[in-house]
Asks: 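One structure coming up, written as structure tokens, with questions to follow.
In what follows, residues are counted from 1 in the order of the sequence shown. Values below: all heavy atoms of this structure, side chains included; hydrogens, waters and symmetry mates excluded.
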Amino acid sequence: MTIQHHILDASGVLCPYRSKLEDVVSRTIGIVDNLLPIASLDICVSHHPAGSNPKLGIGGAAFDAIQLHIVLDAENSNMASAIEHELPAVLAHEMHHCARLKA
């Protein structure tokens, strides 16, 4: 099983959150990996305000069984809290979509 995560941040706007993102995404993968039958998955995290929930600054989409994208609004005043409290649920939700798409 290979689950890889990629933080796309060429502009550098996610830099202040990178360490927390790495930690939360890794922890969430470890938990969900034991619960869902996911053989391989690429998880991309990037700054894309238009795709995020305006209140939380986070959103997500599962494109198929092997790829999902988490989008953030790095300028949202709730970003630090959203990474800690909302990201695990959003990521698990999208990983569940990937598992369902495979089935």
Side-chain angles (χ1 to χ4, degrees):
M1 175 180 302
T2 303
I3 298 177
Q4 297 181 9
H5 67 277
H6 318 277
I7 297 177
L8 310 178
D9 190 28
S11 67
V13 295
L14 294 177
C15 236
Y17 307 105
R18 186 169 190 97
S19 178
K20 182 54 84 178
L21 284 168
E22 292 281 355
D23 178 54
V24 172
V25 170
S26 294
R27 273 190 290 127
T28 305
I29 289 170
I31 294 166
V32 177
D33 184 32
N34 292 318
L35 300 172
L36 295 175
I38 297 174
S40 57
L41 180 62
D42 277 311
I43 299 168
C44 295
V45 179
S46 69
H47 172 71
H48 181 63
S52 69
N53 175 302
K55 182 177 177 183
L56 299 174
I58 189 170
F63 297 109
D64 54 35
I66 62 168
Q67 183 181 8
L68 69 83
H69 206 119
I70 301 296
V71 294
L72 305 171
D73 179 357
E75 297 169 358
N76 186 294
S77 62
N78 295 315
M79 182 53 28
S81 177
I83 290 170
E84 186 68 34
H85 301 289
E86 306 298 333
L87 179 56
V90 172
L91 180 54
H93 175 87
E94 297 306 332
M95 290 176 76
H96 183 255
H97 280 302
C98 291
R100 289 180 50 220
L101 286 165
K102 182 175 179 170

Asks: Just so I know, are the side chains of H47 and D73 near enough to count as touching, which here means a heavy-atom distance under 4.5 Å?
Replies: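 Of all side-chain heavy-atom pairs linking D73 with H47, at least one is under 4.5 Å.
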Asks: Rounded to the nearest 0.5 Å, what separation is found between the CG atom of L72 and the OG atom of S46?
Replies: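 Answer for the CG-OG pair, L72 versus S46, is 7.0 Å.
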Asks: If you measure from SG on C98 to NE2 on H93, what distance do you get to the nearest 0.5 Å?
Replies: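 That separation rounds to 10.5 Å.
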Asks: Roughly how far, to the nearest 0.5 Å, is the CG atom of L21 from the OG atom of S26?
Replies: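 Output value for this atom pair is 10.0 Å.
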Asks: Under 4.5 Å between side-chain heavy atoms, counting indirect links through other Ile/Leu/Val/Met/Phe/Trp/Tyr residues: same cluster for I66 and L68 or not?
Replies: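 No, separate clusters.
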Asks: Do V32 and L91 sit in one hydrophobic cluster, given that two such residues count as connected whenever their side-chain heavy atoms are within less than 4.5 Å of each other, even indirectly?
Replies: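 Both belong to a single hydrophobic cluster.
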Asks: State, with a plain yes or no, whether a side-chain heavy atom of D42 is found less than 4.5 Å away from one of H6.
Replies: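 They are in side-chain contact.
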Asks: Which heavy atom of K102 sits nearest a heavy atom of A39, and at what distance?
Replies: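 K102 and A39 have their closest heavy atoms at NZ-CB, 3.8 Å.
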Asks: To the closest 0.5 Å, what do you measure between CG (L101) and NE2 (H96)?
Replies: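 It is 10.0 Å, given to the nearest 0.5 Å.
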Asks: Is there side-chain contact between V25 and I7, with heavy atoms separated by less than 4.5 Å?
Replies: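 Answer no - side chains too far apart.
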Asks: Please check if the side chain of N78 supplies one atom and the backbone of S81 the other of a donor-acceptor pair under 3.5 Å.
Replies: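 No: the side chain of N78 does not pair with the backbone of S81.
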Asks: Do L41 and I29 have side chains that approach each other closer than 4.5 Å (heavy atoms only, starting at C-beta)?
Replies: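 Of all side-chain heavy-atom pairs linking I29 with L41, none is under 4.5 Å.
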Asks: Specify the closest pair of heavy atoms between Q4 and T2, including all atoms of both residues, with the distance to one decimal.
Replies: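 So the two residues come closest at NE2-CG2, 3.5 Å.
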Asks: Verify the neighbour count for atom CZ of R27: are there more than 12 heavy atoms of other residues, nucleotides or ligands below 6.0 Å?
Replies: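 Count over threshold, so yes.
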Asks: Atom CE in M79, atom NZ in K20: separation rounded to 0.5 Å?
Replies: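 Between atom CE of M79 and atom NZ of K20 there are 13.5 Å.
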Asks: Please name the pair of heavy atoms, one in S52 and one in I58, separated by the smallest distance, quoted to 0.1 Å.
Replies: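 In terms of heavy atoms, the two residues are closest at CB-N, 3.5 Å.
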Asks: Decide yes or no on side-chain contact (heavy atoms from CB on, under 4.5 Å) for T28 and L87, but give the supporting numbers first.
Replies: CA-CA 9 Å; T28 305; L87 179 56; 5.8 Å; no
Asks: Could you tell me if H69 and E94 have a donor-acceptor pair between their side chains, going purely by distance under 3.5 Å?
Replies: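 No, no side-chain donor-acceptor pair sits under 3.5 Å.
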Asks: Spell out, yes or no, whether L56 and V71 are grouped together once hydrophobic residues are joined by side-chain heavy atoms under 4.5 Å, including indirect joins.
Replies: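 Shared cluster, no.
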Asks: For the residue pair I38 and A99, what are the closest heavy atoms and their distance?
Replies: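 What the structure gives for the nearest pair is CG1-CB, 4.2 Å.
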